[in-house]
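Written below as structure tokens is the structure these notes are about.
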Amino acid sequence: MKELSNDLLEELVTECRPYSREGQVVKDIPGQRTIDQNKLGVCIINMDNEVFSAGDTDMKFSLQSASKIISLMMALDDFGKEEVFQNVGMEPMGDFYNSISHLEAHDVTKPFNPMVNAGAIAVAAMIKGKDVDEKFNRVLKTLRKIMNNNSIKLNDEVYESEQLKGDRNRSLAFFMKSTGAIAHDIDETLDLYFRINSIDVHTTDLAKLGVFFANGSRSLKTGEQIIPMDHINTIEAIMMTSGMYNEAGKYAVDVGFPVKSGVSGCIIGSVPGRYGIGIIGPSINEKGNSTAGGALLHRISRNLELNVFSVIRKDKE
Ligand code: GLN
């Protein structure tokens, strides 16, 4: 096992940059049109709140689907596990993140899981607040607290473009309304979904969220239990089975801890009891996952021996 250091991360980032050529940057996300495809950055925070990083960590990016774990956290906190999973399933879908066909073919009463678009829209419908502004501000406030960063905010241009190119998500939402899977106001639900996708962060912010999960949703700084630990266990289990969509199985095998991606090329990872990880590598594959970021996660897991299954067995030796 190697020891975590900036030098090790630097070495792994250099090794993994070439994988960017295997994917493409999503050019229609504002700010990404002229981005260098080879960018790759990582930040890891351990339980002593020590920060390790390498590569392009100065890059800002929108959360996109990494925000799905945040919506789920809010909904679980607002309604509890039982009620949330009456409205959304917890099974892996094994298809593209914005698949429509599964909504009709599988179970019209609820989408597959909270990590795919349909499921995340159904989850957004459950976040409490008197209107979209209040709901969104609750999300922002919680994130700022967890990430210990008051400058976390909405990227207006990304939000505008999410609305402009949001017809696929509208289709999912209106279909769910037609079957009764969503009973809430659809325009408001979509508006909230688009906003949460459009929050800008850096890899450090993702690592802070990851380490907060890794610490059982207690603040590393104050020890305050911000969200009940049981909710985080639920979210991490669903990240493990569905966080990387139809590559989740491969990630469970190769990486072996909970991870969640976004089409901006970000990945958040949480190694229970050990680390929070934030990665950005804007070049993604057809499944929506960062190619260089995925390669980097694989190497980080191998070098630091982070696969949770092998860790459990090692403890018994
Ligand atoms: N904003 C994108 C959408 O809703 C996010 C998709 C993703 O990151 N996989 O389709």
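When a ligand or atom number is given, it counts from 1 through the structure's own listing order.
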Check the pair Asn303, Lys2 against side chain to side chain donor-acceptor pair (under 3.5 Å), reporting the backbone distance first and the verdict last.
CA-CA 6 Å; Asn303 278 275; Lys2 292 199 182 155; 3.3 Å; yes
Taking 4.0 angstrom as the limit and counting only heavy atoms of Asn169, give me the atoms of ligand 1 inside it, by number and element.
3 (C), 4 (O), 10 (O)
Minimum-distance protein heavy atom relative to atom 6 (C) of ligand 1
Ser65 OG, 3.1 Å
Looking only at distances, please establish whether an N/O atom of ligand 1 is found under 3.5 Å from an N/O atom of Ser261.
no
Test item, Gly262 contacting ligand 1 (heavy atom, 4.0 angstrom):
yes
Heavy-atom pairs closer than 4.0 Å: do any link ligand 1 to the side chain of Phe194, the backbone, both, or neither?
neither
What's the shortest distance from atom 4 (O) of ligand 1 to any protein heavy atom, and which residue and atom give it?
Tyr193 OH, 2.7 Å
Contact atoms of ligand 1, heavy-atom distance to Glu162 under 4.0 Å:
1 (N), 2 (C)
With a 4.0 Å cut-off on heavy atoms, is Asn197 touching ligand 1?
yes
Counting heavy atoms under 4.0 Å, the part of Arg168 that contacts ligand 1 is neither
Describe, in one word, how the ring planes of Phe112 and His102 are oriented to each other, choosing from parallel (under 30°), tilted (30 to 60°) and perpendicular (over 60°).
perpendicular
Within the 4.0 Å heavy-atom cut-off, what Asn98 brings close to ligand 1 is neither
Atom 2 (C) of ligand 1 has as its nearest protein heavy atom Gln64 OE1, 3.3 Å
Should one rank Ile284, Asn117, Leu172, Val26 by closest heavy-atom distance to atom 10 (O) of ligand 1, which comes out on top?
Asn117
State, without any angle test, whether Glu236 and Ser270 hold a side-chain donor-acceptor pair at a distance under 3.5 Å.
yes
Under 3.5 Å, is there a donor on one side chain and an acceptor on the other for Asp7 and Ser5?
no
What's the shortest heavy-atom distance between Ile121 and Leu172, and which atoms?
CD1-CB, 4.3 Å
More than 12 heavy atoms of other residues, nucleotides or ligands under 6.0 Å from CD of Glu157: is that the case?
no
Please check if the number of heavy atoms outside Glu50 that lie under 6.0 Å from its CD is greater than 12.
yes
Determine, for Phe79 and Lys128, whether the Lys NZ or Arg CZ falls below 6.0 Å from the six-membered ring centre while staying within 45 degrees of the axis.
yes
